[in-house]
Amino acid sequence: MSIIVFRYLHFLGITFWIGSAVAIAIAAFAPSPSDSGIAQSLRKISVRVTTPAMLVAFAGGFGMLIPNFAELYSKQGWMHAKLTLLLVLAGTTGVLSGKLRRWAEGQDVSPKTFGRLAWAVSILAVLIVTFAVFRPFSA
């Protein structure tokens, strides 16, 4: 496949992954924690949109990374920082999914948790894009 196809998949996946994760966290932050109908709807969106979009973003990113890793990216500090933050972002998305599952099952989850997760996903996304665009720590 062409690098353009991988880039397209990467950007498309990132857009839906980050966009849906932040939208879900903000929507979960708004209502009272006892609204299980909302919780189940948000959980469905998370499972059907956020997780597949994350996988598409990973597939596109690895499709661009692997062919050029040894000669180009392995010596770039910005890429190592970006990949580290990417793993933290994936973990944060997993925490969001877990909190939604607990809320949908009727367990108490503080709405403030979803607000914090919205901020965490947003800040991590901005940092990752900053590393990708400005490429600090270049060798």
Side-chain angles (χ1 to χ4, degrees):
M1 269 201 247
S2 165
I3 193 83
I4 304 282
V5 173
F6 285 122
R7 185 170 289 154
Y8 176 74
L9 287 174
H10 188 59
F11 288 148
L12 184 70
I14 288 169
T15 302
F16 280 96
W17 174 20
I18 303 304
S20 65
V22 171
I24 288 168
I26 289 172
F29 178 61
S32 69
S34 62
D35 295 334
S36 65
I38 293 172
Q40 297 201 355
S41 297
L42 293 175
R43 172 102 172 105
K44 283 182 185 176
I45 294 169
S46 176
V47 169
R48 293 180 182 169
V49 177
T50 307
T51 302
M54 179 174 64
L55 296 175
V56 169
F58 275 120
F62 285 133
M64 292 185 297
L65 178 71
I66 291 171
N68 302 312
F69 188 76
E71 65 272 358
L72 184 60
Y73 293 127
S74 65
K75 298 174 183 132
Q76 301 297 324
W78 67 270
M79 180 57 76
H80 294 281
K82 180 184 172 210
L83 291 174
T84 301
L85 289 174
L86 179 68
L87 291 175
V88 173
L89 179 60
T92 305
T93 305
V95 170
L96 175 62
S97 180
K99 295 292 183 184
L100 283 171
R101 181 184 49 77
R102 286 187 189 101
W103 185 29
E105 291 173 349
Q107 296 179 18
D108 270 346
V109 179
S110 172
K112 290 181 181 180
T113 302
F114 292 112
R116 289 184 193 114
L117 287 168
W119 277 108
V121 169
S122 300
I123 290 168
L124 286 166
V126 167
L127 287 172
I128 290 168
V129 169
T130 301
F131 281 122
V133 171
F134 296 108
R135 300 180 178 192
F137 321 123
S138 293

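Throughout, numbering of the chain's residues begins at 1 and tracks the sequence.
In plain terms, the two heavy atoms of K112 and F29 that are nearest each other are CA-CE1, 3.9 Å. For the residue pair M64 and P67, the shortest heavy atom distance occurs at O-CD, 3.7 Å. Closest approach of S74 to A70, counting heavy atoms only: OG-O, 3.0 Å. Contact between Q76 and H80 at its shortest, heavy atoms only, is O-CD2, 3.0 Å. Contact detail for A57 and G13: the closest heavy-atom pair is CB-C, 3.7 Å.
Identified under the side-chain hydrogen bond (donor to acceptor under 3.5 Å, both in side chains) test for residues 85-98, with sequence neighbours left out: W17-T93, R43-S97. For residues 44-59, the set of pairs meeting the side-chain hydrogen bond (donor to acceptor under 3.5 Å, both in side chains) definition, not counting sequence neighbours, comprises S20-T50.
Around OH of Y8, the count of heavy atoms belonging to other residues, nucleotides or ligands within 6.0 Å does not exceed 12. The environment of Y73 atom OH is dense: over 12 non-hydrogen atoms of other residues, nucleotides or ligands sit within 6.0 angstrom.
In this structure the side chain of L65 reaches within 4.5 angstrom of the side chain of L83, judged on heavy atoms. W103 has its side chain within reach of L42: a pair of non-hydrogen atoms, C-beta onward, lies under 4.5 Å apart. Looking at heavy atoms from C-beta onward, F114 lies in side-chain contact with L100 at the 4.5 angstrom threshold. Between F6 and H10 the shortest side-chain heavy-atom distance does not fall below 4.5 Å. Between W78 and F134 the shortest side-chain heavy-atom distance does not fall below 4.5 Å.
Under the 4.5 Å side-chain heavy-atom criterion for grouping Ile, Leu, Val, Met, Phe, Trp and Tyr, V129 is not connected to M79 through any hydrophobic cluster. With hydrophobic clusters built from ILVMFWY side chains whose heavy atoms lie under 4.5 angstrom apart, L86 shares a cluster with W119.
Residues meeting the side-chain contact (heavy atoms from CB on, under 4.5 Å) test with V5, sequence neighbours left out: M1, S2, L9. Annotation: side-chain contact (heavy atoms from CB on, under 4.5 Å) contacts of I66 (sequence neighbours excluded): F62. V126 meets the side-chain contact (heavy atoms from CB on, under 4.5 Å) test with T130; sequence neighbours excluded. Taking V22 as the reference, I18, I26, V121, S122 meet the side-chain contact (heavy atoms from CB on, under 4.5 Å) condition, with sequence neighbours excluded.
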